Amino acid sequence: MTNIRGKCTVSDPVLVIMAKRPAVGRTKTRLSPPLTPAEAAALYGAMLRDTIQLGARLESVRLAIAVTPPEATSTFRRIGPPGVILLPVAGVDIGDCLNQVLGRLLAAGHPQAIALNSDGPTLPEAYLRQAFAGLDGADVVLGPSEDGGYYLIGLKQACPELFRDIEWSSEQVTAQTLARAQAMELNVALLPTWYDVDTSADLDRLQGELATLPATALPHTRRFFIRRRQSAPDPRALPLARHQNGPF
């Protein structure tokens, strides 16, 4: 395997974070407004860093970062922890990328490979531990998102068919994946549902969660909101404080 910092222990399970290089006007565009395109890209970068820190806390689990576009690998080498596995990846869609990344890690000898999104930084660490435990008795582990997609998928063996002919970026992703797994007679372990930060309502929810977490939690995401408030002419006017009554 290439682009590995430190010795790779293939006997360990691996968590791979699916990461994109933040790009103004192309990253988290659904967050504009209320964020500017530059702010949306900066917020994604902050959430990505906190997600990397989340994965790095898992004991006896190797950490990998799947990098898109591949030429951004040097950027992630600077922000990744020592020993992180860097996997440049380019695919026709997210399913192609997931299949490539998980397949490469499993082919390298890791007994379990789990892919995690990079825009849900408040995900409880316990869910990740539950994911690896779930794979002990299942063929697939899946973490459904509230929008119909999934925030996590894990395998013990490569399974390209599981990622084919899925309506990616739609509310049908989880349902179609579960149907495909059933047709293939794969046993699926389901995690609790979680959310991605994609919309203005998600921003409100994220800020509400930050207020309930320890002050040391999610330092990069927290710093983004602090700097945004400080740079505003009137912080009270920022349209990010409409805490709604939706479920957490």
Side-chain angles (χ1 to χ4, degrees), residues 15 17-25 27-59 61 63 65 76 79-81 114-131 142-152 171 174 190-248:
L15 175 72
I17 296 168
M18 306 300 293
K20 294 181 179 180
R21 179 175 59 190
V24 175
T27 303
K28 287 295 172 186
T29 56
R30 292 172 61 192
L31 295 178
S32 301
L35 303 183
T36 67
E39 288 173 336
L43 174 59
Y44 171 72
M47 295 191 296
L48 170 60
R49 285 173 177 258
D50 285 330
T51 302
I52 291 172
Q53 289 188 355
L54 170 66
R57 290 198 297 269
L58 296 177
E59 297 179 359
V61 174
L63 179 66
I65 303 174
F76 289 90
I79 68 175
I114 291 178
L116 175 68
N117 70 5
S118 51
D119 56 358
T122 59
L123 180 75
E125 185 177 329
Y127 288 13
L128 295 179
R129 299 188 184 282
Q130 184 178 341
L142 198 67
S145 296
E146 293 180 359
D147 61 5
Y150 54 74
Y151 61 86
L152 176 153
E171 61 184 15
T174 289
L190 282 175
L191 298 177
T193 301
W194 202 246
Y195 76 102
D196 309 324
V197 179
D198 287 324
T199 67
S200 176
D202 297 331
L203 285 174
D204 294 333
R205 182 172 177 178
L206 175 61
Q207 283 200 120
E209 282 196 276
L210 283 173
T212 68
L213 294 172
T216 55
L218 279 72
H220 299 94
T221 303
R222 195 180 297 274
R223 192 175 302 120
F224 166 83
F225 287 113
I226 291 173
R227 289 176 175 173
R228 187 172 187 268
R229 286 195 297 270
Q230 291 174 342
S231 65
D234 182 0
R236 294 171 298 178
L238 291 177
L240 291 178
R242 306 181 305 279
H243 300 305
Q244 302 178 355
N245 295 322
F248 269 57

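Residue indices begin at 1 and follow the sequence shown. Since the structure is predicted, the reported quantities are computational estimates derived from the model, not experimental observations. As a basis for the values below, the full set of heavy atoms in this structure was taken, side chains included, without hydrogen atoms, waters or symmetry mates.
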Ignoring hydrogens, what is the shortest heavy-atom contact between P144 and T174? Give both atom names and the distance.
CA-OG1, 4.1 Å

Distance-minimising heavy-atom pair for S32 and A40
OG-CB, 3.8 Å

Of all heavy-atom pairs between L15 and G55, which one has the smallest distance, and what is that distance?
CD2-CA, 3.7 Å

Closest non-hydrogen atom pair between R30 and D198, with its separation:
CB-O, 3.2 Å

Within the structure provided, determine whether L128 and I114 are in side-chain contact (heavy-atom separation under 4.5 Å).
no

Working note: W194 + L152, criterion side chain to side chain contact (heavy atoms under 4.5 Å, CB included); need CA distance, chi angles, decisive distance, verdict.
CA-CA 10 Å; W194 202 246; L152 176 153; over 6 Å; no

So does E209 get a backbone contact from the side chain of T212, meaning a donor-acceptor N/O pair under 3.5 Å?
yes

The reported gap from CG in L206 to CG in L43 (rounded to nearest 0.5 angstrom) is 6.5 Å

Looking at K28 and A42, would you say the former's side chain and the latter's main chain have a donor-acceptor pair under 3.5 Å?
no

Could you walk me through whether I65 and I79 pass the side chain to side chain contact (heavy atoms under 4.5 Å, CB included) test, one step at a time?
CA-CA 11 Å; I65 303 174; I79 68 175; 5.5 Å; no

Is any side-chain heavy atom of N117 closer than 4.5 Å to one of D196?
yes

Do T193 and E146 get their side chains close enough for a donor-acceptor pair, meaning under 3.5 Å?
no

Walk me through whether D147 and E171 qualify under side chain to side chain contact (heavy atoms under 4.5 Å, CB included).
CA-CA 6 Å; D147 61 5; E171 61 184 15; over 6 Å; no

Just wondering, do P219 and Q53 contact through their side chains at under 4.5 Å, heavy atoms?
yes

Are the side chain of S231 and the backbone N or O of R228 linked by a donor-acceptor pair below 3.5 Å?
yes

Exercise: do Y44 and E39 side chains pair donor with acceptor under 3.5 Å
no

Any non-hydrogen side-chain atom of R222 less than 4.5 Å from a side-chain atom of L213?
yes

I want to check something: taking the side chain as every heavy atom from C-beta on, are M47 and H220 in contact at a cut-off of under 4.5 Å?
no

From CG (L63) to CG (L58), nearest 0.5 Å
8.5 Å

What are the two closest non-hydrogen atoms of A19 and L48, and how far apart are they?
CB-CD1, 3.6 Å

Answer yes or no: is there a donor N or O on one side and an acceptor on the other, between the side chain of D50 and the main chain of P121, under 3.5 Å?
no

Looking only at heavy atoms, the pair that brings T51 and S118 closest together is OG1-O, 3.7 Å

What I'd like to find out is whether the side chain of P34 reaches to under 4.5 Å of the side chain of L203, using heavy atoms alone.
yes

Yes or no on side chain to side chain contact (heavy atoms under 4.5 Å, CB included) for Y151 and Y127, after CA distance, side-chain angles and deciding distance?
CA-CA 11 Å; Y151 61 86; Y127 288 13; 3.6 Å; yes

Is there a donor-acceptor pair under 3.5 Å between the side chain of S145 and the backbone N or O of G148?
no

